[in-house]
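Working notes for the structure below.
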Protein chains: 2
Amino acid sequence: MNFKEFEQCGLKRSLDLLSGKWKPLILHHLFQEKEIRFIELWRKMPRVSKKVLVEQLQQMQEHHIIERIELKGFPPQVYYRLHQDTEPLGPALQILDGWGKNR
Amino acid sequence: MNFKEFEQCGLKRSLDLLSGKWKPLILHHLFQEKEIRFIELWRKMPRVSKKVLVEQLQQMQEHHIIERIELKGFPPQVYYRLHQDTEPLGPALQILDGWGKNR
DNA sequence: TAAATGGGTTACCTGAAAGTAAACTTCTTT
DNA sequence: AAAGAAGTTTACTTTCAGGTAACCCATTTA
């Protein structure tokens, strides 16, 4: 295998995009709740700083894994939801979730 | 979500175990070839040092993702193959591989 | 008027993962 | 006896994801 093939390995790419300290949990919540407010999400993960949570969310947006919806008004309201492209992952993530519980 | 729930998230656990700089590629090869010799695997990933490859393989053994088979004789022959527990991941990893190719 | 709110920034720090380079061991081949 | 092969190991360095703590902004409410 050469470097090109390395770069093209879809599995590598997927796992890179989905892993990270908090991304699996974010996914977990978004698959459950469809749409969630920033502050709610933050409260569900008490051990993350806002900064880190924001970073993870921004990266996931860039990679089209989630969408950010900002509503006018006060106090600010920002919702996050899964990007449409991420839906096909549902079955895969469910298998992984089950598998991960037994170790 | 409390910390306990965080620790119990199967998806998080799975992704932790499967990701890493070289693990997805190792999986990729083992799903293709069933059984592969250390040196062969190493040659297919020219940009890893042996040390790092050994480390990744050892971790994957500890986590029962792969098995190590050592044959008597000289030169040493060590084969790696998927652990039986890993087989149910096949479909999930295939979905991820496909998904990852489009980004 | 000052405190609280939601959704972030800014600046700086740290530890663990991964990298490099070399050596080790045991046997075979030349 | 010298060199090479397979599979590690050892010692040291580098990188960067994630961590902490404090601050910003515009409004509302007490």
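Below, chain A is the first sequence line, B the second, and so on; all start at residue 1.
Computed from coordinates, the L53(A) CG to dT20(D) C1' distance equals 15 Å when rounded to whole Å. Separating the CD atom of E55(B) from the C1' atom of dT10(D) is a distance of 11 Å, rounded to the nearest angstrom. Distance, K21(A) NZ to dC16(D) C1': 14 Å, rounded to whole Å. Rounded to an integer number of Å, the gap from NZ of K72(A) to P of dT28(D) is 15 Å. Whole-Å rounding puts the I69(B) CD1 to dG7(D) P distance at 12 Å. For the pair D16(B) CG and dA16(C) P, the computed distance is 15 Å after rounding to whole Å. Spacing between atom CZ of R47(B) and atom C1' of dA17(C) amounts to 18 Å, rounded to whole angstrom units. Summarising the geometry, the separation between CE on M45(B) and C1' on dA18(C) is reported as 13 Å, rounded to the nearest angstrom.
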Name the atoms and distances for all side-chain donor-acceptor pairs under 3.5 Å in residues 91-103 of chain B, with sequence neighbours left out.
residue : atom : partner : partner atom : Å
D97(B)  : OD1  : G10(A)  : N            : 3.1
D97(B)  : OD1  : L11(A)  : N            : 2.7
D97(B)  : OD2  : K101(B) : NZ           : 2.9
W99(B)  : NE1  : D85(A)  : O            : 3.0
R103(B) : NE   : W99(B)  : O            : 3.1

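Between H64(A) and H83(A), the ring planes lie perpendicular to each other; the angle is over 60°, past the 30° to 60° tilted range.
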With B for base contact, S for sugar-phosphate-only contact and - for none (protein heavy atoms under 4.0 Å), nucleotides 2-8 of chain C reads ---BBBB
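Taking Ile, Leu, Val, Met, Phe, Trp and Tyr as members and joining any whose side-chain heavy atoms lie under 4.5 Å apart, directly or through other members, the hydrophobic cluster of Y79(B) also contains I69(B), L71(B).
Listed by first then second residue, pairs satisfying side-chain hydrogen bond (donor to acceptor under 3.5 Å, both in side chains) with a partner in residues 52-61 of chain A read K23(A)-Q59(A), K51(A)-E55(A), not counting sequence neighbours. For residues 73-84 of chain B, the pairs satisfying salt bridge (charged side-chain N to carboxylate O under 4.0 Å, His left out) are E35(B)-R81(B), E67(B)-R81(B), with sequence neighbours left out.
By the salt bridge (Lys or Arg N to Asp or Glu O under 4.0 Å) test, E70(A) is found to be paired with R68(A), residues two or more places apart in sequence or in another chain being considered.
Among the atoms of the strands shown, only primed sugar atoms or phosphate atoms (P, OP1, OP2) are found under 4.0 Å from some heavy atom of G20(B).
Residue Q56(B) has no polar side-chain atom (N or O) positioned under 4.0 Å from OP1 or OP2 of dA17(C). Of the side-chain N and O atoms in W22(B), one or more sit less than 4.0 angstrom from OP1 or OP2 of dG19(C).
The closest donor-acceptor contact from the side chain of W42(B) to the backbone of R37(B) lies at 3.5 Å or more, if one exists at all.
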